[in-house]
Structures are given as C-alpha cells and as structure tokens.
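These numbers come from the heavy atoms of this one structure, side chains and all, not from hydrogens, waters or symmetry mates. Given the structure is predicted, the values throughout are model-derived calculations rather than measurements.
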Amino acid sequence: RGRVLPVLQILVLRRGRGEVEWTRERRVLEAGQGILLRPGEWHRYRPDKKTGWTEDWLELGGPLIESWMADGLFPKRGFDLSNPAEFFEDFDRLHGACKNPDWVSNGKAAGLAMALLADLGAGREASMEKTDPRSGTLLAQARDLMRKNTPVAKMARELGVSYPTFYRLF
C-alpha cells in the first residue's frame, strides 16, 4: 500500500538500505541518501529485509515551503548528503529542540530547519559556482548564519549581497 502526504517530507537514511517507489519510478536508497516526498504524491517504501534501515524524517509546511516548491527549489526526488555527519548533528539538535516548547516557540527550530535545507542544497553549490564564483563561499557562510538563527534579510546584509541575489544563490 502506498501513501499520500499533505506536506513536504524529507526522509534520510542513517544506516542500512531499502527501496522507495513512486508512480513511475523506483529507487534503491543507501545510508547517507535521502528522498523528498512532495505533498499529494503517491509513494511507498520498504527497508531491505537483510539490512533494514534507520530513517529520519523532517516535515516541512507553510507558505514559505509552498512558495519554494512552486519556484522549483526541490526539483529532484533523491539526493546524497554532502556531509552526512554534519546533517545528522543538525538533525539531532533540531529534534532535541522540538521537545522544548519554549525553544520552538521563539523560532530557533525554524533556523535549524533552514540549516538542514541548506545542507541538502550543498550538492548544488558546484553548479551555482559556474554562474557566480562567490556562491560556494556565500552558501557556506549562510549555512553558518542559519545555524545561529539569523533572519534571512540580515543574512543577506551580513554577506554583502542583495536579498534577491541571496535568494537566487540559496
């Protein structure tokens, strides 16, 4: 049986392997790889019977995520983590933070979620550098600012670029 989810979900494998299937596509996943499950998209998945898998989920919703999806920020279904250890460290920090209601309510969880999205986009830096040689450095600095919970407009100012340029590079 398959599922259809109401929001964008990111599934990342920490350990093991398995398979995910969409209406017209099937893919094997290994540790350090992940998938994007878009709202309303049918899918099903299963861990390998011999190895199993350990999975982590991140659920994203709201107007900003909807806008990013409409703008094509999440074009691929599958991805390899560029730095799995860093990603899972940030993921664990976010997961722990979400257990503290005061911490979540002041927006820090949103900043960590943005840092995770930046980690997912890190593999795109090389192609971005072809059009703007500063982008690889800017994106690395932006990820650091996101981990510090810096608002997006302030990040653009601190990086010395306009908001539209920052948005395009991110």
Side-chain angles (χ1 to χ4, degrees), residues 5 7-20 27-39 43 45-48 51-62 64-65 67-69 73-129 134-161 166-170:
L5 303 169
V7 294
L8 177 70
Q9 299 243 344
I10 299 170
L11 174 139
V12 182
L13 295 189
R14 280 193 197 236
R15 289 181 273 305
R17 64 188 313 262
E19 185 176 272
V20 63
R27 178 173 298 173
V28 173
L29 294 177
E30 305 281 344
Q33 295 181 320
I35 54 170
L36 298 172
L37 300 170
R38 294 182 186 91
H43 70 280
Y45 61 90
R46 60 189 155 273
D48 183 88
T51 66
W53 73 20
T54 302
E55 65 189 56
D56 288 302
W57 288 88
L58 180 63
E59 181 175 291
L60 303 168
L64 181 60
I65 299 300
S67 171
W68 285 350
M69 284 191 299
L73 186 63
F74 307 108
K76 295 182 178 180
R77 287 183 170 154
F79 56 87
D80 294 317
L81 294 174
S82 60
N83 186 338
E86 185 176 283
F87 178 87
F88 289 121
E89 181 181 317
D90 287 344
F91 185 93
D92 291 341
R93 191 176 317 137
L94 175 60
H95 187 255
C98 289
K99 293 179 182 179
N100 180 344
D102 294 332
W103 207 77
V104 173
S105 66
N106 69 16
K108 290 183 180 178
L112 283 171
M114 295 291 289
L116 287 171
L117 287 175
D119 288 342
L120 295 180
R124 295 177 17 195
E125 287 180 20
S127 62
M128 290 180 183
E129 288 173 7
R134 303 170 302 156
S135 64
T137 302
L138 290 175
L139 290 171
Q141 292 171 352
R143 278 197 303 275
D144 292 340
L145 290 170
M146 287 175 195
R147 286 187 182 95
K148 295 176 185 173
N149 211 26
T150 306
V152 175
K154 186 176 179 183
M155 278 190 266
R157 283 193 306 275
E158 288 189 24
L159 296 170
V161 298
F166 177 78
Y167 181 81
R168 179 179 53 81
L169 294 173
F170 177 73

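- Atom OG1 of Thr54 and atom CZ of Arg15 lie 4.5 Å apart (nearest 0.5 Å).
- Glu55 meets the side chain to side chain donor-acceptor pair (under 3.5 Å) test with Trp53, Trp57; sequence neighbours excluded.
- Contact detail for Arg77 and Arg27: the closest heavy-atom pair is C-NH1, 3.8 Å.
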Val12/Phe87 under side chain to side chain contact (heavy atoms under 4.5 Å, CB included): CA gap, chis, key distance, verdict: CA-CA 10 Å; Val12 182; Phe87 178 87; 3.7 Å; yes

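- Distance CG/Leu8 to CD/Glu59: 9.0 Å, rounded to 0.5 Å.
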Leu13/Gln33 under side chain to side chain contact (heavy atoms under 4.5 Å, CB included): CA gap, chis, key distance, verdict: CA-CA 6 Å; Leu13 295 189; Gln33 295 181 320; 5.8 Å; no

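- Pairing each heavy atom of Val28 with each of Glu30, the nearest pair is CG1-OE2, 4.0 Å.
- Considering all non-hydrogen atoms of both residues, Leu60 and Val7 come closest at O-CB, 3.5 Å.
- Residues Leu11 and Leu29 have side chains in contact (heavy-atom distance under 4.5 Å, counting atoms from C-beta outward).
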